[in-house]
Amino acid sequence: MSHDSHCAFCKIVAAQIPASVVFENQTSLAFLDIGPLADGHLLLIPRDHYPALVDMPREESTRLLSVIPVLGRALLEVTGAEGFNVLINNGTAAGQVVPHAHIHLIPRQSGDKLGYRWHVSSYENDRPAELALAYQEALRKHID
Ligand code: 5GP
Ligand code: ZN
């Protein structure tokens with residue numbers, strides 16, 4: 001099992017620092033975010049240390065993601081939220097602060113003013129076809 005002694009989430013896994021744990025199984029752990037965006041905001045993490053989701057082997061990421069629906073149902077029941085966002089910040093540019101892969105589950109109510117403002121753009125000319133081809137080529141390399 002990989003562990004980084006400097007990592008806050010590894011310390012939670014090892015019970016070296018406290019956390020309000022709501023769920024655990026052999027490979028993952030869910031606990032309350034210490035700085036919640038909404039009451040009941042959860043973090044779901046793998047027990048093993050991976051810097052980000054893209055660093056996880058496919059089976060392990062699949063196992064982690066499979067916990068989301070059950071955790072989401074409990075979140076809706078406990079918080080009385082009308083919905084929730086699943087957010088994964090990948091890399092510092094995307095807002096990732098803790099370099100241990102994690103998934104945010106953020107309770108939402110209509111009109112709660114949380115959330116992104118989407119500055120929608122559009123594609124020109126051949127860009128969609130060019131991108132689709134580049135993605136298909138890259139995926140042939142990355143898929144296992
Ligand atoms: P990120 O921006 O990396 O996606 O989010 C990291 C989240 O982890 C933040 O929302 C932050 O409040 C939470 N967090 C950071 N350190 C701790 C900690 O020691 N305990 C808990 N429970 N949450 C933490
Ligand atoms: Zn870690």
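Indexing begins at 1, ligand by ligand and atom by atom, following the structure's order. Numbers here are sequence positions counted from 1.
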List the closest protein heavy-atom neighbour of [atom]: residue, atom name, distance to the nearest 0.1 Å.
atom	value
atom 23 (N) of ligand 1	I34 N, 3.2 Å
atom 3 (O) of ligand 1	V97 N, 2.6 Å
atom 4 (O) of ligand 1	H102 NE2, 2.6 Å
atom 19 (O) of ligand 1	I17 CD1, 3.9 Å

Centre-to-centre under 6.0 Å for H102 and H100, is that the case here? no
Establish, yes or no, whether a centroid distance under 6.0 Å links the rings of H3 and H49. no
Kindly confirm or rule out an N or O of [X] lying under 3.5 angstrom from an N or O of ligand 1.
X	value
N89	yes
F31	no
D33	yes
G95	yes
L32	yes
F9	no
V98	yes

Please report how many protein N/O/S atoms lie under 2.8 Å from the Zn ion (ligand 2). 4
P36 to D33 - nearest heavy-atom pair and separation: CD-O, 3.6 Å
Within the side chain of Q96, is there an N or O that forms a donor-acceptor pair under 3.5 Å with the backbone of V98? yes
[X]: numbered ligand 1 atoms lying under 4.0 Å from its heavy atoms:
X	value
H104	1 (P), 4 (O), 5 (O), 7 (C), 10 (O)
I12	20 (N)
G35	12 (O)

With heavy-atom distances below 4.5 Å as the criterion, would you say the side chains of [X] and [Y] are in contact?
X	Y	result
I17	K11	yes
Y123	L131	yes
V21	E24	yes
I68	L44	yes

Checking ring pair (Phe, Tyr, Trp, His ring centres under 6.0 Å) for the pair F9/Y50: CA distance, chi angles, key distance, verdict? CA-CA 10 Å; F9 289 177; Y50 296 102; over 10 Å; no
Considering only NZ, NE, NH1 and NH2 on the basic side and carboxylate oxygens on the acidic side, decide whether R63 and E60 come within less than 4.0 Å. no
Are L105 and L87 joined in one hydrophobic group, where the rule is that I, L, V, M, F, W and Y side chains link up if heavy atoms are under 4.5 Å apart? no
Please state which part of L43 comes within less than 4.0 Å of ligand 1, counting heavy atoms only: side chain, backbone, both or neither. side chain
Could you walk me through whether M56 and L64 satisfy the side chain to side chain contact (heavy atoms under 4.5 Å, CB included) test, starting with their C-alpha distance in whole Å, then the side-chain angles of each, then the deciding distance to 0.1 Å, before giving a yes or no? CA-CA 10 Å; M56 297 182 72; L64 183 71; 4.1 Å; yes
For the atom pair CZ (R108) and CD (E82), what is the distance rounded to the nearest 0.5 Å? 10.0 Å
